[in-house]
Amino acid sequence: MIKALIVDDEPLAQEVLETYIGKMPGMELVGKCENAIMANEALKKNAVDLMFLDIQMPQITGIDFLKSLPNPPVVIFTTCSNPSLLNDL
């Protein structure tokens with residue numbers, strides 16, 4: 001079972017991702033977080049295999065958050081803004 005975490009400050013994006021994850025056999029949603037601070041706590045409490053991570057969030061961007069993790073899970077970046085933000089990786 002793949003354990004997934006959603007990290008996105010947009011409630012609609014969380015809802016869409018949660019719906020798709022619920023339809024995926026072999027995938028379990030272990031949490032939804034609105035920001036990187038909440039996500040950091042969730043990662044400490046849960047074994048996470050896959051993180052859906054919004055690039056642009058208040059306080060700490062998804063890219064900066066990912067760079068701060070010593071052993072990050074597999075990440076799928078999500079964004080509804082400028083995809084050229086991936087150039088910051």
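Smallest separation of non-hydrogen atoms from Met27 and Leu50: CE-CD2, 3.8 Å. Residues Val30 and Lys3 share a closest heavy-atom pair of CG1-CB, 3.8 Å. Scanning both residues, Glu18 and Ile6, for their nearest heavy atoms gives N-CD1, 3.6 Å.
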Worked verdict on Met24 versus Ile2 for side-chain contact (heavy atoms from CB on, under 4.5 Å): CA-CA 10 Å; Met24 297 290 298; Ile2 297 171; over 6 Å; no
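Remark: Thr61 OG1 to Leu66 CG distance equals 9.5 Å, nearest 0.5 Å. Here CZ of Phe52 is found 9.0 Å from CG of Leu29. Values are rounded to the nearest 0.5 Å. Atom CD1 in Ile63 sits 10.0 Å away from atom CG in Asp54 (nearest 0.5 Å).
Under the 4.5 Å side-chain criterion, counting only non-hydrogen atoms from C-beta, Met51 is in contact with Leu69. You'll find the side chain of Asn46 stays beyond 4.5 Å of the side chain of Leu5, heavy atoms only.
Put simply, the side chain of Gln14 gets close to the backbone of Cys33: a donor and an acceptor are under 3.5 Å apart. Side chain of Gln56 to backbone of Thr79: no donor-acceptor contact under 3.5 angstrom is found.
Cluster annotation: Leu17 is connected to Val74 through the hydrophobic network of ILVMFWY side chains, with a link wherever side-chain heavy atoms come within less than 4.5 Å. If you chain together hydrophobic residues whose side chains sit under 4.5 Å apart, Ile21 and Ile76 fall into the same group.
Remark: of the listed residues Asn35, Leu53, Ile37, Leu53 is the sole one forming a side chain to side chain contact (heavy atoms under 4.5 Å, CB included) with Phe65.
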